[in-house]
Amino acid sequence: MKNVEIIKKLERERNLTDKEFARVIETLTATEREELFARARAVREREYGKVVYIRGLIEFTNYCKNDCYYCGIRKSNKNAERYRLTPEDILECAREGYKLGFRTFVLQGGEDIRFTKDGLAEIIFSIKKEFPDCAVTLSVGERCREDYQCWYEAGADRYLLRHETADEEHYKKLHPASMSLAARKKCLYDLRDIGYQVGAGFMVGSPGQTVESLIKDLRFLQELKPHMIGIGPFLSHQETPFAEEKNGSFETTLVLLSILRLMFPGVLLPATTALGTIESDGREKGLLAGANVVMPNLSPVHVRKKYELYDNKICTGEESAQSTDSLRARIESVGYHLVVGRGDSRISPLTVSKSK
C-alpha cells in the first residue's frame, strides 16, 4: 500500500497497524506530508470550523519536588531562580486575562508541595466565584486521587498531565527511579474517572525515543481517550543531564499532530509554545497541521523567564497574553481566527468509559 493510501485509511478508520504508523511517521515525502496536513485540516474544520481557542496560561510556581532529566525546573537545578505567586497574584492574572477576552485559565506549576490540597482548592474556588463563565484547567503533576477530587469539587474543569512516554523502558531513561509510568497512568485514569476533561501528551524526539516508543504513545492514547492531547518537540536545557542532546524534529512533530487529529477528530490539540520556540512560525504551522488551541502567557512579566522548562523559551513577545492582537493577526494569516469562549472539547466525558 502506498503512503497516500495509508493516510486515507487513517482518516477513514482512525487507526493503522504498527507497521503502517511507522511508515507515516518515518517515510513520508514532502508532498505526502502536505497531503497528511491537508486531511488533518479538513477534519479539524469539520469538527471545529476555523476557530482557534485561546487559553490564558498562569505559571504560578517553578518549585518542583521531582528531578526529571529533561526539565529545566527540576529540583537539582541549583541555578534556577525560584518563585511562587500568591493567591492574590494568581487572581489578578485571571482578572487581567478576563479583560483581554480569556475564558479559560490554565494554572500550571511544578509539583510544589507548598500548594496544598486545600490551598489550591481555595484559589480555584475564588477564580470560579469571580468568573463563573470561565473554565479552570490545572497542570500541577501527580497528586493523590483525594486531591484531584477536592479540586474538581472546588470548580476545576480540566487537567493536563502529559504522560511523556508510554514506553516503560524509555520512561526510565527520562525520569529518576522514584517516578514510574504506572503511577503517571493511574493519575490519568483517576482524573478521567472523577469527571475532568483530561489532557495527556508526549515529547517528540526525547533522548532514547524510537518509532516503537511513539507507537506505544498512540496506543496508550487510544486506550485513555483524552479530551486534549499536548505534544511538542523535545528541547534541551543547559542545566539538565540532557544538555547536549539534540532537539526533537519539528517536521516529525507536525506529522504526529496530523496523525492525532485524524485519530481523534474531536480532541483539543494545542499548537504549543515549544513549536513556536523551535521555529518562528511554528504555531501557525501547527494550526495548519490540525491544531486548534494556543496558550498565551498570562503570568506576570517578571516571572516568565523563570519558568524555563527548556532553553530559549519564548515568553515576552507575541506569545504573551497582552499581545493577542499580534497573535490574532498571525493566526488570521493562515486562515483561522481566535474566539472568546471556554472552548470545550467535542468529546463528552459521558462517552469515555471507566477504567477497570
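Throughout, residue positions are numbered sequentially from 1 according to the sequence presented. What you are looking at is a predicted structure, and each value in this text was computed from that prediction instead of being measured.
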Linking I/L/V/M/F/W/Y whenever their side-chain heavy atoms sit closer than 4.5 Å, directly or via other members, would Tyr189 and Ile229 fall into one cluster? yes
Testing the basics here: between Cys68 and Met179, what is the closest heavy-atom pair and its distance to 0.1 Å? SG-SD, 3.7 Å
Looking at Phe37, is Arg261 sitting on its ring face, NZ or CZ under 6.0 Å from the six-membered ring centre and within 45 degrees of the normal? no
Does the pair Ile58 and Gln108 meet the rule for a side-chain contact (heavy atoms from CB on, under 4.5 Å), with working shown? CA-CA 6 Å; Ile58 304 172; Gln108 179 171 295; over 6 Å; no
Applied to residues 247-256, the salt bridge (charged side-chain N to carboxylate O under 4.0 Å, His left out) test, sequence neighbours excluded, yields Arg33-Glu251
With Asn62, which residues qualify under side-chain hydrogen bond (donor to acceptor under 3.5 Å, both in side chains), at least two apart? none
Side chains of Ser206 and His170 only: does a donor on one sit below 3.5 Å from an acceptor on the other? yes
Can Glu212 and Thr210 be said to form a side chain to side chain donor-acceptor pair (under 3.5 Å), step by step? CA-CA 5 Å; Glu212 289 77 18; Thr210 63; 3.3 Å; yes
Rounded to the nearest 0.5 Å, what separation is found between the NZ atom of Lys305 and the OG atom of Ser299? 13.5 Å
Which residues pass the salt bridge (charged side-chain N to carboxylate O under 4.0 Å, His left out) test with Glu20, not counting sequence neighbours? Lys9
Hydrophobic clusters here meaning ILVMFWY residues chained together by side-chain heavy-atom distances under 4.5 Å, can you tell me if Leu100 and Leu85 are in one? yes
When rounded to the nearest 0.5 angstrom, what distance separates CD1 in Ile7 from OG in Ser258? 9.0 Å
Any chance you could measure Gln238, atom CD, to Thr240, atom OG1, to the nearest 0.5 Å? 9.0 Å
Do the non-hydrogen side-chain atoms of Val301 and Arg304 ever get within less than 4.5 Å of each other? yes
Applying salt bridge (charged side-chain N to carboxylate O under 4.0 Å, His left out), can you list everything that pairs with Glu130, at least two apart in sequence or on another chain? Arg95
Could you grab the distance from atom CG of Leu214 to atom CG of Asp18, nearest 0.5 Å is fine? 11.5 Å
Over all atoms of both residues, closest heavy-atom pair of Gln222 and Phe264: N-CZ, 3.7 Å
Show the numbers, then the answer: is there a side-chain contact (heavy atoms from CB on, under 4.5 Å) between Leu260 and Val267? CA-CA 8 Å; Leu260 290 167; Val267 79; 5.6 Å; no
More than 12 heavy atoms of other groups within 6.0 Å of Glu244 CD: no
Output the rest of the hydrophobic cluster of Tyr69: all Ile, Leu, Val, Met, Phe, Trp and Tyr residues reachable through side-chain heavy-atom contacts under 4.5 Å, sorted by chain and number. Tyr70, Leu174, Met203, Phe234, Phe242
Sequence neighbours excluded, every pair satisfying salt bridge (charged side-chain N to carboxylate O under 4.0 Å, His left out) that has a member inside residues 111-120: Lys65-Glu111, Arg84-Asp112, Lys117-Glu146
No-hydrogen, no-angle side-chain donor-acceptor test under 3.5 Å, Tyr152 and Asp147: no
Where do Thr272 and Arg283 land on the side chain to side chain donor-acceptor pair (under 3.5 Å) test, with the steps shown first? CA-CA 7 Å; Thr272 61; Arg283 277 178 302 187; over 6 Å; no
Establish whether Tyr171 and Val211 are linked, either directly or via other cluster members, by ILVMFWY side-chain heavy-atom contacts under 4.5 Å. no
Under the side-chain hydrogen bond (donor to acceptor under 3.5 Å, both in side chains) test, which residues partner Tyr159, sequence neighbours left out? none
Nearest non-hydrogen partners of Thr116 and Arg143, listed with the distance: C-NH2, 3.8 Å
Using the rule given for side-chain contact (heavy atoms from CB on, under 4.5 Å), can you reason through Phe220 versus Leu188, listing the C-alpha separation, both sets of side-chain angles and the distance that settles it, and then say yes or no? CA-CA 11 Å; Phe220 171 64; Leu188 284 163; 3.9 Å; yes
Kindly determine whether Leu160 and Leu138 satisfy side-chain contact (heavy atoms from CB on, under 4.5 Å), including the steps that lead there. CA-CA 6 Å; Leu160 307 179; Leu138 300 179; over 6 Å; no
Show the nearest heavy-atom pair for residues Gly56 and Leu298, with the distance to one decimal. CA-CD1, 3.5 Å
Note: Ala154 and Ala121 closest approach over all heavy atoms is CB-O, 3.6 Å
Residues Asp133 and Arg342 bridged, charged N to O under 4.0 Å: no
Is there side-chain contact between Arg44 and Tyr336, with heavy atoms separated by less than 4.5 Å? yes
Can Glu5 and Lys8 be counted as an ion pair, charged N to O under 4.0 angstrom? yes
Please find the pair of heavy atoms, one from Leu181 and one from Ala166, that lie closest to each other, and give the distance. CD2-O, 3.5 Å
Among residues at least two apart in sequence or on other chains, which ones pass ring pair (Phe, Tyr, Trp, His ring centres under 6.0 Å) with Tyr83? none
List for me each residue that meets side-chain hydrogen bond (donor to acceptor under 3.5 Å, both in side chains) alongside Ser126, sequence neighbours excluded, and say none if there are none. none
For Ser76, which residues count as a side-chain hydrogen bond (donor to acceptor under 3.5 Å, both in side chains) partner, sequence neighbours excluded? Asp67
Should Tyr48 and Val339 be regarded as members of a common hydrophobic cluster, given that ILVMFWY residues are connected when their side-chain heavy atoms come within less than 4.5 Å of each other, either directly or indirectly? yes
Excluding sequence neighbours, so at least two apart, what forms side chain to side chain contact (heavy atoms under 4.5 Å, CB included) with Asp281? Glu279, Glu284, Lys285, Arg330
Arg14 atom CZ, neighbour heavy-atom count above 12 within 6.0 Å: no
Candidate list Lys185, Arg162, Arg184, test salt bridge (charged side-chain N to carboxylate O under 4.0 Å, His left out), partner Glu142, passing option: Arg184
Can you confirm if the aromatic rings of Phe60 and Phe115 lie within a centre distance of less than 6.0 Å? yes
Is there side-chain contact between Phe105 and Thr137, with heavy atoms separated by less than 4.5 Å? no
When hydrophobic residues are tied together by side-chain contacts of less than 4.5 Å, even through go-betweens, does Ile25 share a cluster with Leu269? yes
Distance from Arg41 atom CZ to Asn292 atom CG, nearest 0.5 Å? 14.0 Å
Pair Arg219-Asn15, side-chain donor/acceptor within less than 3.5 Å: yes
Show your working on side chain to side chain donor-acceptor pair (under 3.5 Å) between Asp167 and Thr165 and close with a plain yes or no. CA-CA 5 Å; Asp167 182 327; Thr165 176; 5.5 Å; no
To the closest 0.5 Å, what do you measure between CG (Leu107) and CG (Leu57)? 9.0 Å
Output all residues satisfying side chain to side chain contact (heavy atoms under 4.5 Å, CB included) with Arg23, sequence neighbours left out; order by chain, then residue number. Asn3, Ile6, Thr27
